[in-house]
Amino acid sequence: MNQVGYLPDGQKVASVLLGSSTDTAFSVQSVRTGKAIFQGTLGASMMDAASGDRLALADFSSVAIPGEYRLVAQGKRSESFLIGRDVYKLALRTAMRAFYGQRCGCAVDLGGGYSHTVCHLDGALHSSSGKEGRLSNHGGWHDAGDYGRYVVNSGISTGSLLWAWELYPEALKGLSLGIPESGAKSPDYLAEVRWNLEWMLQLQDEDGGVWHKQTSEQFCQFIMPEKDKLTSYVIGTGSAPYKSTCATADLAAVMAIAARCYGPYDDGFASRCLTAARKAWTWAQDNPDVTFKNPPGVGTGGYGDAHCHDEMLWASAELWRTTGDAEYEQAFLVAAEELTPEISIAVPGWGSLAPMAYWTYLMADRKGSRLANSGLAGKSGVKPEEMKARIRKQTAIAAEVLVERRELSGYGHTLAIADYGWGSNGVAANQSLLLLVAHRFETNAATKQQLLEAALGNLHYLLGRNCFGVSWVTQLGTNPFQKPHHRPSAADGIAAPWPGLLSGGPNSRPGDSVARSLAPGAPMRMWVDDERAYSMNEIAINWNAPLVFLLAGANALAG
Ligand SMILES: [Zn+2]
């Protein structure tokens, strides 16, 4: 079950592993009085395909009074859990504060000993960047278990966080993060995101193009960030034009969103973001097919993507939403027609941004430009209203698939068997992002409720309702995982890991030696709490970001 707890009005279902006991009664006990306040009967025995477990469901959704409880079933008693309207508040703060923990170029102190002094100040332009010289290095979030920073992965991470700000301001405006900027004019949430935006802006060259990443040439050992003395290089493609299209278009999209979000707090910064976005867009249009591959001698993450059309699509849609300039809408409509005439909505990922483009086009509070309405936009002349209707319909279909899949899952999540690859927990969180966006567009109240419950179903899964009974977010829940592939957690001499980090999760296609040494099993079983198992237990900003999005939605929609 979800070890953090449940919303009073929400579904509350635990998955009970069946043993030899034939007792089908279960109860919910109040921790304060020790008395059973609810008695129920387990559902029919079922075989869960993802885990291979024989289960029965304990549904106690009707328990709605806030309090602390335990579940008793099959002769066993669960750890205590909470029911309450603010039950995900701390989880949201902890997951967002994890980004502060990932900050590069400054000292970090999360409290409790989780701290490091200033790191990676030694920056330089790599020979592959087309320029040379030293750079002062400042800003950005360490990407994952390593200390690299990658514009492509920053793109979707920062974009999803800013979308959460736009969709759920009621959950985020007052969020206090205890960061160095706390108490200033700008809300803490935006201040934290700005730390990464400022670094992304530094990776933009004078011509508007954006270098792909800034990392050392090879990964460092498992040491604290300030002990890593390798030079942090701005790395390019190795030949003209040196910058990559995906990174440049990602930056254009994210800076366009930032221009909307920061306007009310810092006009100067908002216009800097918009200028950067426009310049990046122009460069990407002039250089639409520059892909990235690690240059010789560089062995850090590649985030190589053979297709930058979806990044371009996203950039055009965000720029349209921000500025209302007809050229961006024309570009969006033409590209959308060329990319996928039927509009297929998938779960977004760092290499798959088309859904973000479609959704932001739908969320743009604009009527459509004069040129687009005249039918001169796309090659087949698709008009804005027609495009919006397609997006709305396909989003509803994609969400319905997830809702139906959840009905078949013994652990109440929306992952398909094929989704158990690298970062499956991030996929689950992004499926919730899709469901919450669909929830925003849906007008039928009953369907809306289903979409919300399916989104929350993945939160329950990540926070304990899974075959390990583990919370996959460090320091959340009664049994959180302990050994993330995360250098500061391994090197700081403190037993418990840094707080608020989401594990990559089960991976049925093991990609490291520890993972490969596991006995083959059902897909959900293919996970181990071992810091060496990077293909199963690494952390990453692009997995924490949709988790924050989901938690922001859960808090905002809590009633
Ligand atoms: Zn650093």
Side-chain angles (χ1 to χ4, degrees), residues 96-126 129 133-155 157-158 161 177-181 191-204 210-235 247 251 294 298-303 474 484-494 497-502 531 534 538-545:
M96 187 58 204
R97 246 180 137 230
F99 285 91
Y100 170 44
Q102 293 294 100
R103 279 194 194 191
C104 187
C106 73
V108 163
D109 189 355
L110 289 172
Y114 300 102
S115 65
H116 68 72
T117 54
V118 61
C119 60
H120 301 119
L121 291 180
D122 189 17
L125 289 148
H126 193 256
S129 71
R134 312 304 293 182
L135 274 182
S136 75
N137 183 46
H138 185 71
W141 294 315
H142 298 142
D143 183 63
D146 66 311
Y147 296 135
R149 286 158 293 159
Y150 307 81
V151 173
V152 163
N153 205 40
S154 269
S157 306
T158 318
L161 290 173
L177 293 174
I179 54 177
E181 297 82 358
E192 187 52 52
V193 174
R194 183 167 171 171
W195 187 262
N196 199 55
L197 292 168
E198 293 280 10
W199 168 75
M200 290 178 80
L201 288 167
Q202 286 172 52
L203 273 264
Q204 185 171 38
V210 178
W211 285 292
H212 203 73
K213 63 176 181 177
Q214 184 170 6
T215 73
S216 44
E217 289 184 312
Q218 304 294 334
F219 292 125
C220 70
Q221 297 302 306
F222 257 56
I223 51 178
M224 292 301 284
E226 68 271 30
K227 294 270 172 65
D228 173 20
K229 300 299 182 193
L230 297 173
T231 300
S232 187
Y233 285 107
V234 171
I235 293 173
L251 181 131
N294 267 336
V298 175
T300 50
Y303 289 107
T474 52
H485 180 88
H486 177 245
R487 281 166 172 75
S489 294
D492 64 0
I494 302 173
W498 284 45
L501 300 165
L502 177 65
E531 71 191 25
Y534 52 84
E538 189 166 1
I539 64 93
I541 57 170
N542 64 312
W543 302 332
N544 253 70

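Counting starts at 1 for both ligands and their atoms, in listed order.
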(request) Specify the closest pair of heavy atoms between P225 and P488, including all atoms of both residues, with the distance to one decimal. (result)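 The answer is CD-CG, 4.3 Å.
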
(message) Give me the atom names and distance for the closest heavy-atom approach of E217 to H126.
(response)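 Shortest heavy-atom separation between E217 and H126 comes out as OE2-NE2, 2.9 Å.
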
(message) Around the Zn ion (ligand 1), how many protein N, O or S atoms are found at less than 2.8 Å?
(response)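 Considering protein N, O and S only, the Zn ion (ligand 1) has 4 within range.
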
(request) Pick out which of T300, D143, N294 makes a side-chain hydrogen bond (donor to acceptor under 3.5 Å, both in side chains) with T215. (result)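 Single pass found, and it is T300.
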
(request) State whether D122 and R134 are salt-bridged, where the test is any N-O pair (Lys NZ or Arg NE/NH1/NH2 against Asp/Glu carboxylate O) under 4.0 Å. (result)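 Looking at D122 and R134, the cut-off is met.
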
(request) Output the distance between atom CD1 (I235) and atom OG (S129), rounded to the nearest 0.5 Å. (result)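 So the CD1 of I235 and the OG of S129 are separated by 9.0 Å.
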
(message) Strictly by salt bridge (Lys or Arg N to Asp or Glu O under 4.0 Å), give each pair with a member in residues 194-203 just once, sequence neighbours left out.
(response)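 Salt bridge (Lys or Arg N to Asp or Glu O under 4.0 Å) check on residues 194-203 returns R194-E198, R194-D266, E198-R272.
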
